[in-house]
Amino acid sequence: MAEDSRRGGVGSADGRQESRQGSRQNLGEYDYIVVGAGSAGCVLANRLSADPKTSVLLLEAGGRDDWIWFKIPIGYLYCMGNPRADWGFRTAEDEGLNGRSLAYPRGRVLGGCSSINGMIYMRGQARDYDGWRQMGNAGWGWDEVLPYFRRSEDHYRGETELHGAGGEWRVEKQRLHWEILDAFRDAAVACGIPATDDFNTGDNEGVGLFDVNQRRGRRWSASTAFLRPVLDRPNLTVMTHAQAERLLFGDGEDGRPRCRGLAFRRDGEPVEAQARGEVILAAGAIGSPQILQLSGIGPGALLQEQEIAVRHALPGVGENLQDHLQIRAVYRVEGVKTLNQQANSWLGKAQMALEYALFRSGPLTMAPSQLGAFARSDPAQDTPNLEYHVQPLSLDAFGEPLHRFPAFTASVCNLRPESRGRVRLASPDPAAAPEIRPNYLSAPADRLVAAQSLRLTRRICAAEPLARYRPVEIKPGPELDGDEVLARAAGDIATTIFHPVGTCRMGSDAEAVVDARLRVHGVGSLRVVDASVMPTITSGNTNSPTIMIAEKASDMIREDARG
């Protein structure tokens, strides 16, 4: 296999020689070209190259995942915002956030977001997938996707009707404990939220500790799980520092444009490769619509505005952006340890490092959030529509120092927001960041849920199990009340929880981008396989649903190839 950072010429897996076509280096043909080596791309590379007769080229714009902070769980603190790991996107100024712009981390490394994310293993609710099927996407109901979740799993519980064992995607319990989180759990139970030890049964209502994608205290990314074990396959070629520029097209037999390859830059040099079978975009909810638009597939007016020839007008490309906005309520406490004290002490830092070195446990194994809760913002909700991520720490903004006083953060997000945003080219330059406009809290229903969720947080924090720690609301502030006042306050303290989806959604209507088999409407030999195809966001963290999508897609791709 030819793998990235060898700086010489890169030969193909079966000995084909590179050629020059004009000033662009030509790598020749592969059966499949997968664009993006994030969570979906790593799964696709593994599954499609399992057939030794099938050649696969996997391209990643970022570098290798061999930095120590890609392995130690707390390393996300050093990865997000770091150009070694993160695209460094920002949103447009958002009216729902009272004019604020947010950092929008997206993985730019082998493993993609799974190399820098919060490691929380979450499937969502059965109703999410049944809803996809009811929208006309055959084959995507809960009973149909559950086998794909199980196929990848290596769950600490072992094999059951709901969980798999022996798969690549390791799921473990967390390896640390906080008294303040136990108290929040007990307070949530006192407020009617049942205790649970498994959020992944199809009904995630309850409060408990999140399971995480780790193995013995180390991050278990999609690259570690799916890609690294198959790097020696001679029919798999992986290239890093390969920035997609545009898709290449020819005429199909049915009169539609056929995607025949990809033009990209590798270490700054222009390169192209051809696909005998398909090109598969797995660049995520930001990258995939951007590549389509750069290639002349998308809203016609936008493409013309950017002086890009319209190859195929598809108005839904980049639309339907959905994300989970977490409202970060902060409470100061007394008489209990939080990470604020420990991380602000040199002795505390030394203790954390020693515990990790000796036992692979403690705060250095922390996911950003350890305790979760799924609840209803009001009794009329059929299933939980809120998710809490509770952390034994507090800070003014991500990336800033922890507060010097003991505190916890009870972040809460609306799982099924009605607000819709978009991703659009800001320039025809492939290296330029697109415009990301989430339109958070633009829907009146979302503003109501924001207010209701802050009230529920207050009820939990006023319950007896937390009372002995004398919690005091620091953010947004106990003096604030009223639906619109709280919604505006939410806009001041909320931030993304990094779950963008939906910008190449599947469906059969005029605004859909791909069909139920993830083929791009109106274009041959081109699919999108990543979180962008979700028609609606799942009710929880989105990384493992993305892996499920890639598992299912790999079967569909192979089935379609057999005819």
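All values below come from the heavy atoms of this structure, side chains included, with hydrogens, waters and symmetry mates left out.
- Atom CZ of Arg175 has more than 12 heavy atoms from other residues, nucleotides or ligands within 6.0 Å.
- Distance alone, capped at 3.5 Å, is enough to place a donor-acceptor pair between the Arg90 side chain and the Ser101 backbone.
- Listed by chain and residue number, Thr536 satisfy the side chain to side chain donor-acceptor pair (under 3.5 Å) test with Trp132 (two or more places apart in sequence, or in another chain).
- Under the salt bridge (charged side-chain N to carboxylate O under 4.0 Å, His left out) criterion, Asp203 pairs with no residue at all, not counting sequence neighbours.
- At distances below 3.5 Å, not a single donor-acceptor pair connects side-chain atoms of Asn213 with backbone N or O atoms of Trp220.
- A salt bridge is absent between Arg123 and Asp198; no separation between the charged side-chain nitrogens and carboxylate oxygens falls under 4.0 Å.
- Within 6.0 Å of CD on Glu307 lie no more than 12 heavy atoms contributed by other residues, nucleotides or ligands.
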Show the atom names and distances, to 0.1 Å, of all donor-acceptor pairs under 3.5 Å that link a side chain in residues 425-435 to residues at least two apart or in another chain.
from, atom 1, to, atom 2, distance (Å)
Ser427, OG, Asp429, N, 3.0
Asp429, OD1, Ala431, N, 3.0
Glu435, OE2, Arg437, NH2, 3.0

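- Here the rule is side chain to side chain donor-acceptor pair (under 3.5 Å) with Tyr104, and of Thr496, Asp323, Thr495 only Asp323 fits it.
- With sequence neighbours excluded, the residues that form a ring pair (Phe, Tyr, Trp, His ring centres under 6.0 Å) with Trp87 are Phe89.
- Distance alone, capped at 3.5 Å, is enough to place a donor-acceptor pair between the Asn204 side chain and the Ser539 backbone.
- Applying the salt bridge (Lys or Arg N to Asp or Glu O under 4.0 Å) test to every pair with at least one member in residues 489-515, sequence neighbours left out, gives these pairs: Arg505-Asp509, Asp515-Arg519.
- In this view, Phe374 and Phe199 satisfy the ring pair (Phe, Tyr, Trp, His ring centres under 6.0 Å) rule, not counting sequence neighbours.
- For His521, there are no ring pair (Phe, Tyr, Trp, His ring centres under 6.0 Å) partners at least two apart in sequence or on another chain.
- Phe70 is linked by a ring pair (Phe, Tyr, Trp, His ring centres under 6.0 Å) to Trp67, counting only residues two or more places apart in sequence or in another chain.
- Contacts of Asp65 classified as salt bridge (charged side-chain N to carboxylate O under 4.0 Å, His left out), with partners at least two apart in sequence or in another chain: Lys71, Arg228.
- Contacts of Arg185 classified as salt bridge (charged side-chain N to carboxylate O under 4.0 Å, His left out), with partners at least two apart in sequence or in another chain: Asp182.
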Please list, one pair per line, the donor and acceptor atoms closer than 3.5 Å that link side chains of residues 76-84 to other protein atoms, with sequence neighbours excluded.
from, atom 1, to, atom 2, distance (Å)
Asn82, OD1, Arg84, N, 2.9
Asn82, ND2, Tyr78, O, 3.3

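- For residues 457-501, the pairs satisfying ring pair (Phe, Tyr, Trp, His ring centres under 6.0 Å) are His324-His499, with sequence neighbours left out.
- Under 4.0 Å is where a charged nitrogen must lie from a carboxylate oxygen, and between Arg420 and Glu319 no such pair does.
- Within 6.0 Å of the CD atom in Glu484, the count of heavy atoms belonging to other residues, nucleotides or ligands exceeds 12.
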